[in-house]
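Because only heavy atoms are used, hydrogens play no part in the values below, and waters and symmetry mates are left out as well, while side chains stay in. Numbered from 1 within each chain, the chains take letters A, B, ... in sequence-line order.
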Amino acid sequence: MCGIVGLFLKDKSLEPKLGSMLTDMLITMTDRGPDSAGIAIYGRDEDNNTKLTIQSGNPGQDFDGLDKALSEAANAQVSMRIKDTHAVLEVSDEHADDVRAALAELRPNVRVMSAGDIMEIYKEVGLPKDVADRFDLAEMSGSHGIGHTRMATESAVTTMGAHPFSTGSDQCLVHNGSLSNHNSLRRKLKRDGIAFETDNDSEVAAAYLTSKMNHGSNLGEALESSLDDLDGFFTFVVGTKDGFGVVRDPIACKPAVMAETDQYVAFGSEYRALVNLPGIEQARVWEPEPATVYFWEH
Amino acid sequence: MQTIDMASTELREANSTLQAQKADTNQKAWEIVNPKGSHAIACGLDGPIEVTVRGSTGYYCAGMNKQAHIHIVGSAGPGVAENMMSGTVVIDGDASQYAGATGHGGLLVIKGNASSRCGISMKGIDIVVHGNIGHMSAFMAQSGNLVVLGDAGDALGDSLYEARLFVRGTVKSLGADCIEKEMRPEHLGILKDLLERADADAKPEEFKRYGSARKLYNFDVDNASAY
């Protein structure tokens, strides 16, 4: 069992409240997944910078002076915002690859959670409320975001095993369920040049969608083909730079509820995750159909 | 009318208060406010009381019901009215998966749509859905009646025993051993009664009946190689 929440805003005036709305939804899903929690949040694309969200088990040591060291090594201006065990590095797009290479050399133990123009990912082991507090998730603003509370089944309870998973620029995926063909699919995707951080089945689903989109599919097409190629139980919610998608396997035993108003599209594993959203009483509320792709784009 | 506010009442207290109302109770009308999708509301009732739930409910609302009349003014999460023995459960909105599962008796009315596995393993309950039902509905259904005014999804009545299925709209596909059957006068009578009790605007003649071909549920030595 796991809990999923997602929010895709249509009304820009709600953007400053995205973090607080998602945090409230996430905490409501604590009893579906008390092991660990995570959130991916899509902010504004205000510059030509790349954002790298990084994580360390020893942030005091690893993040100390890291921005200066990276700026020198990559000969670029690197800024850093530290949030507990995570930090967001920003660098101009043209120097992003150099900074990643320098990071791997200077701090080999630091993990890259996500890379992209606007997405940041925060995830840790612990109760959703504690994770949200550590990263001040409620203070964040953005246009869309996805959160997950995990009750582990397929792999260990670790920071890297928490969701969301990101395997491509500004792409993320959360999963409720379990996949049965992830090992064979992982081998195929590795041959296709995709790198994996964990043994987790959900990371394979994320990588599968990334691979499809790398080969020219849009989010909707990638989700459509996942119904043929992924075997197992799944409700996926995925985010891209300007999109938000949902798909459930044909058996559809993992729960899902959606709500749409003029202001937002919302996803919850259960209705109670949605009850505090503005205008929910008047929203169109429905259960996504099995083997049916839903996606929205800004 | 007695009111229970779920925002300020523990679930166990709410349910034990309702469960304490037996045949001789004077307090026959109850209202539950602020359900907000919480789980297992109004479960295990065993008295002739009327309970109105004002809002949508989460998992397992109105489970194991006996005698009580429960009205959900909203939609219901998974497993609503599971294992009902008698009484009535009416849902104004939609119901999530396995509504009315394993029910032995009573009447479940869903005025919106029901999703997958509606009436799975039903054992005597009557279910009337004003809208559509999802895939694998009435899987291994043993007895009782499932009436659908809209359409049915894939694999309707798979491995069916003796429940009667009546569908007015289309059936996407029939499950193993489920076939269309002749509508006889006694079936029209059953349908007429159920449609009236469920406040459904439909004529019995508009429905088709589906039932078991009875080829699967008794062991047949000719099928031995299939096991």
Side-chain angles (χ1 to χ4, degrees), chain A residues 1-6 21 24-34 149 151 176-177 227 233-235 246-261 266-292 294, chain B residues 6-7 11 33-41 53-61 72-80 91-99 101 110-118 120 129 131-137 139 150-156 158 172-173 175:
Chain A
M1 192 158 68
C2 293
I4 297 177
V5 298
M21 290 195 287
D24 180 63
M25 294 163 76
L26 191 75
I27 291 169
T28 309
M29 290 291 96
T30 297
D31 51 11
R32 295 193 67 89
T149 62
M151 189 178 281
N176 179 13
L227 289 165
F233 295 115
F234 54 85
T235 291
V246 173
V247 70
R248 303 172 79 195
D249 70 79
I251 304 293
C253 58
K254 297 299 177 187
V257 182
M258 301 207 65
E260 185 167 13
T261 71
F267 180 97
S269 290
E270 297 179 35
Y271 177 73
R272 66 196 162 112
L274 311 178
V275 293
N276 292 328
L277 291 174
I280 190 70
E281 300 293 335
Q282 286 75 44
R284 181 171 84 94
V285 177
W286 79 100
E287 187 170 304
E289 294 281 331
T292 304
Y294 297 82
Chain B
M6 296 309 294
L11 176 67
V33 297
N34 288 315
K36 296 204 165 186
S38 57
H39 298 178
I41 293 172
V53 184
R54 300 209 178 276
S56 294
T57 60
Y59 280 88
Y60 308 127
C61 183
I72 301 171
V73 186
S75 291
V80 66
I91 300 154
D92 284 355
D94 299 330
S96 185
Q97 54 184 329
Y98 42 93
I110 298 160
K111 294 199 169 172
N113 301 314
S115 71
S116 59
R117 296 172 273 274
C118 180
I120 183 170
V129 181
N132 306 323
I133 57 171
H135 64 276
M136 292 302 276
S137 288
F139 175 60
D151 302 331
D154 272 319
L156 176 69
D158 193 286
K172 198 167 176 194
S173 66

**Student:** For residues Pro255(A) and Tyr59(B), report the shortest heavy-atom separation together with the two atoms involved.
**Tutor:**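 Taking every non-hydrogen atom into account, CG-OH, 3.4 Å.
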**Student:** Checking Pro290(A) against chain B: side chain, backbone, both or neither under 4.5 Å from a heavy atom?
**Tutor:**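 Answer is side chain: those atoms of Pro290(A) sit under 4.5 Å from chain B.
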**Student:** Begin with the C-alpha distance, continue with both residues' side-chain angles, and end with the deciding distance and a verdict on side-chain contact (heavy atoms from CB on, under 4.5 Å) for Asn276(A) and Lys36(B).
**Tutor:** CA-CA 9 Å; Asn276(A) 292 328; Lys36(B) 296 204 165 186; 3.7 Å; yes
**Student:** Can you see which heavy atom on Ala252(A) is nearest to which on Gln97(B), and at what distance?
**Tutor:**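 For Ala252(A) and Gln97(B), the tightest heavy-atom pair comes out as O-OE1, 3.6 Å.
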**Student:** May I ask you to test the Cys253(A)-Arg117(B) pair for a side-chain heavy-atom distance under 4.5 Å?
**Tutor:**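 In short, these two side chains touch, coming nearer than 4.5 Å.
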**Student:** Could you go through residues 279-289 of chain A and list every donor-acceptor pair under 3.5 Å that involves a side-chain atom there, pairing it with any protein atom two or more places apart or in another chain?
**Tutor:**
{"from": "Glu287(A)", "atom 1": "OE1", "to": "Ser96(B)", "atom 2": "OG", "distance (Å)": "2.5"}
{"from": "Glu287(A)", "atom 1": "OE2", "to": "Ser115(B)", "atom 2": "OG", "distance (Å)": "2.9"}

**Student:** First locate atom CZ of Arg248(A), then atom OG of Ser116(B), and finally report the distance between them rounded to the nearest 0.5 Å.
**Tutor:**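 So the CZ of Arg248(A) and the OG of Ser116(B) are separated by 7.0 Å.
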